[in-house]
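Every chain is numbered from 1 and lettered A, B, ... according to where its sequence line falls, protein lines coming before strand lines.
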Amino acid sequence: MEKARPQWSNPLQFVFACISYAVGLGNVWRFPYLCQMYGGGSFLVPYLIMLIVEGMPLLYLELAVGQHMRQGSIGAWRTISPYLSGVGVASVVVSFFLCMYYNIINAWAFWYLFHSFQDPLPWSVCPLNSNRTGYEEECEAASSTQYFWYRKTLNISPSIQESGAVQWEQALCLILAWLTVYLCILRGTASTGKMEQLANPKTWINAATQIFFSLGLGMGSLIAFASYNEPSNNCQKHAIIVSLINSATSIFASIVTFSIYGFKATLNYESCLNKVILLLTNSFDLEDGFLTASNLEQVKGYLASAYPSKYSEVFPLIKNCSLESELDTAVQGTGLAFIVYSEAIKNMEVSQLWSVLYFFMLLMLGIGSMLGNTAAILTPLTDSKVISRHLPKEVLSGLVCLINCAVGMLFTMEAGNYWFDIFNDYTATLSLLLIVLVETIAVCYVYGLRRFESDLKAKTGRTLSWYWKGLWAGVSPLLIVSLFFFYLSDYILMGTLQYQAWDASQGRLVTKDYPPYALAVIGLLVASSTMCIPLMALGAFIMRHLRKGDATPVA
Amino acid sequence: MLWLLFSLVTATHAELCQPGGENAFKVRLSIKTALGEKAYAWDVNEEYLFKAMVAFSMRKIPHRETTEISHVLLCNVTQRVSFWFVVTDSSKNHTLPAAEVQSAIRMNRNRINNVFFLNDQTLEFLKIPTTLAPPLDPSVPIWIIIFGVTFSIVIVAITLLILSGMWQRRRKNKEMSEAVDDDDKCENFTIENGIPCDPLDMKGGRINDAFMTEDERLTPL
């Protein structure tokens with residue numbers, strides 16, 4: 001007797017799960033950055049066009065496949081064609097890598113959340129040095145928020161070669177993060193995540209990429225979620241809703257982030273001006289309060305002419321303060337979330353409250369994403385009869401969490417943040433593009449677009465409009481192929497890959513080259529997921545040949 | 001004669017107190033920054049008060065209890081407001097060592113600040129480092145407490161969920177075994193030709209294996 005497949009209690013639960021997966025940290029820390037770097041409001045034009053042409057169709061495709069095949073990614077693609085089970089495996093591999101490194105972000109969010117219950121906030125003041133005559137030099141050179149991030153949270157080493165020891169505080173937070181994820185997945189799937197990816201020079205490329213990864217296509221999570229739907233569910237409507245809400249969240253997050261940027265830029269500009277004013281007042285013994293922002297230029301001119309020798313001594317120390325240059329410095333990723341935002345928060349009234357709320361929000365987004373990622377791994381595993389016969393679901397989930405937690409300890413070491421950046425930048429870029437491309441071609445040309453259309457019509461009772469068909473068969477694959485070649489050529493042209501390392505003495509980031517073994521890890525990351533597709537196809541071909549060889553004597 | 005003496009005295013004084021002189025300290029005040037509209041003007045009387053505070057601080061040092069206000073010399077007062085000062089000994093020929101003056105000022109820094117309504121940043125003694133307030137260091141860091149609370153809650157929730165899952169499974173197994181018992185009971189009750197009567201009374205129903213289930217619709221390789 002076959003066990004009935006678990007189902008969502010109502011369609012709304014499914015929609016919320018998809019939204020929770022799609023809306024994640026990338027909405028908060030990647031989209032606003034892209035908006036700023038590529039023309040502000042005008043970035044919305046290519047973004048919305050790509051949403052309609054690429055995001056919605058592919059999202060609908062994945063949901064339809066999952067709902068129709070009623071299995072996780074491996075089973076679904078094996079059903080379409082036995083040669084394509086590699087696609088499902090590749091999705092699972094990518095999800096596995098993602099699970100490994102993504103949860104460290106939640107660990108950091110927990111760390112900051114627990115530290116938000118102090119007055120003053122620990123990242124708002126510099127600690128004193130050993131003889132209490134001043135502040136720590138690293139903190140003076142950088143800023144208190146950067147110091148708290150790089151020294152107190154990460155305890156970062158100067159380069160990726162110096163691994164250092166596992167930081168027990170981060171390890172504890174990581175264990176807690178995994179326990180929380182386990183708690184949520186123990187009773188069934190319900191979450192979604194999003195991914196933020198590498199930048200690419202052109203605006204349209206970035207818009208296309210952002211939509212693609214923002215919706216979490218190709219990871220198998222959407223297929224997993226949809227496989228728990230009733231066959232007659234209207235996933236077309238849901239696909240549109242989910243993608244629209246995801247984009248709306250991105251845009252809303254940009255509004256908030258831009259005001260934070262502006263606030264921080266104004267603060268920095270004013271403090272820069274005050275430093276210049278103090279320097280001039282002290283060097284020339286001017287009356288206190290005489291120099292203000294408005295007469296600064298005038299007075300500088302006067303001083304240059306009246307005391308030329310003294311002015312030329314002081315001149316190299318005077319910084320040119322510009323609001324534009326402050327606004328131009330855009331940050332994305334962990335730098336935005338943990339440095340820029342925390343700096344803005346420390347200057348607000350009742351900063352403890354805002355800090356708690358903000359890091360709680362980051363946690364919700366991050367855990368939501370993690371639940372989708374774990375669903376992508378667990379659904380194919382629980383679908384497989386071999387594994388689910390021997391291991392109950394709780395034990396399986398526990399095992400997956402344990403393995404990922406153990407590997408994740410790598411990211412709690414002193415050089416952990418550098419490895420995090422490697423995983424973040426290279427795990428899913430090329431692999432996902434390839435996976436989704438193969439998915440689209442598989443559904444349209446291997447399974448047959450007409451066959452799929454008639455299946456959908458039989459189950460849901462609605463015909464597929466020419467719009468979706470045209471996009472699935474033509475436009476979207478072309479777009480993905482061009483994105484794919486663009487990324488490839490970008491990587492090849494860039495030469496040696498470099499990374500940003502924190503220099504404690506200078507108090508800023510410096511660029512360094514990756515050592516050979518790090519490059520090998522990068523290559524392994526990309527290869528292990530992309531090679532699944534041809535390898536499994538080859539394996540299926542060989543198996544078929546062997547079986548034919550066995551079968552012919554009998555026939 | 002008197003005039004000569006006077007000029008000699010002022011000349012000596014001038015020599016003792018010089019910008020960058022031996023044992024001389026520069027002081028810088030930012031009254032307008034600190035007090036805004038309530039700022040007072042820096043005049044000779046304020047200077048007198050300053051001299052009095054320095055003399056008071058010096059008196060707290062052993063062997064210097066007889067320091068007078070006239071022993072403190074100010075010079076080079078600028079608009080900033082900044083000036084240099086030295087402390088001389090009773091003969092007014094030598095300046096007291098910088099180390100003594102420094103320790104005296106450091107010990108009484110708070111009182112000097114309060115007299116002028118200023119703080120360490122707005123009343124600066126260059127070359128005299130300020131003693132910064134040590135941070136509050138509770139014996140157990142606050143974050144560990146909150147971590148401990150969250151950790152315990154999560155562990156308890158996980159245990160409850162696992163246990164409830166096991167109980168549910170045990171109950172389901174018991175129900176299934178009861179259904180099997182009913183099966184046997186029914187068969188013992190009325191059997192004709194090996195077929196149990198009243199098959200419709202059974203809850204589970206029967207699966208007709210000849211009818212293909214959905215998952216096997218597509219034949220595997």
**Request:** Verify the neighbour count for atom OH of A:Tyr135: are there more than 12 heavy atoms of other residues, nucleotides or ligands below 6.0 Å?
**Result:** no
**Complete:** CD of A:Glu169 to CD1 of B:Ile144, rounded to nearest 0.5 Å, is 7.5 Å
**Asked** Does CD in A:Gln7 sit with more than 12 non-hydrogen atoms of other residues, nucleotides or ligands closer than 6.0 Å?
**Response** yes
**Message:** What I'd like to find out is whether the side chain of A:Leu286 reaches to under 4.5 Å of the side chain of B:Gln79, using heavy atoms alone.
**Reply:** no
**Item:** More than 12 heavy atoms from other groups under 6.0 Å of CZ on B:Arg59
**Value:** yes
**Toward chain A: residues of residues 146-160 of chain B with heavy atoms under 4.5 Å** = B:Ile146, B:Phe147, B:Thr150, B:Phe151, B:Val154, B:Ile155, B:Ala157, B:Ile158
**Request:** May I ask you to name which of A:Leu113, A:Leu176, A:Thr180 has the most heavy-atom pairs under 4.5 Å with chain B?
**Result:** A:Leu176
**Request:** Flag yes if more than 12 heavy atoms outside A:Tyr307 fall under 6.0 Å of its OH atom; otherwise flag no.
**Result:** no
**Message:** Does B:Lys26, at its NZ atom, have more than 12 non-hydrogen atoms belonging to other residues, nucleotides or ligands within less than 6.0 Å?
**Reply:** yes
**Prompt:** In terms of heavy-atom pairs under 4.5 Å, which option from A:Leu278, A:Ile175, A:Leu179, A:Val125 contacts chain B the most?
**Reply:** A:Leu179
**Prompt:** Nearest 0.5 Å, what's the OH-CD1 distance between A:Tyr182 and B:Ile162?
**Reply:** 4.0 Å
**Request:** Mind checking ring pair (Phe, Tyr, Trp, His ring centres under 6.0 Å) for B:Tyr40 and listing every partner two or more places apart, or none if nothing turns up?
**Result:** none
**Fill in**
The reported gap from CD in A:Gln118 to CH2 in B:Trp143 (rounded to nearest 0.5 angstrom) is 11.0 Å
**Any residue meeting ring pair (Phe, Tyr, Trp, His ring centres under 6.0 Å) with B:Phe116, in chain and number order, not counting sequence neighbours** = B:Trp42
**Those residues that, when tested against A:Phe359, pass ring pair (Phe, Tyr, Trp, His ring centres under 6.0 Å) (two or more places apart)** = A:Tyr112, A:Trp123
**Request:** Counting only heavy atoms closer than 4.5 Å, note whether A:Pro392 contacts chain B via side chain, backbone, both or neither.
**Result:** side chain
**Request:** Mark yes when over 12 heavy atoms from residues, nucleotides or ligands other than A:Met543 sit less than 6.0 Å from its CE; otherwise mark no.
**Result:** no
**Asked** Is it the backbone or the side chain of B:Ser82 that comes under 4.5 Å from a heavy atom of chain A, or both, or neither?
**Response** side chain
**Request:** Kindly indicate, with the supporting measurements, whether the criterion side chain to side chain contact (heavy atoms under 4.5 Å, CB included) is fulfilled by B:Lys32 and A:Glu287.
**Result:** CA-CA 9 Å; B:Lys32 284 219 189 83; A:Glu287 191 187 328; 2.5 Å; yes
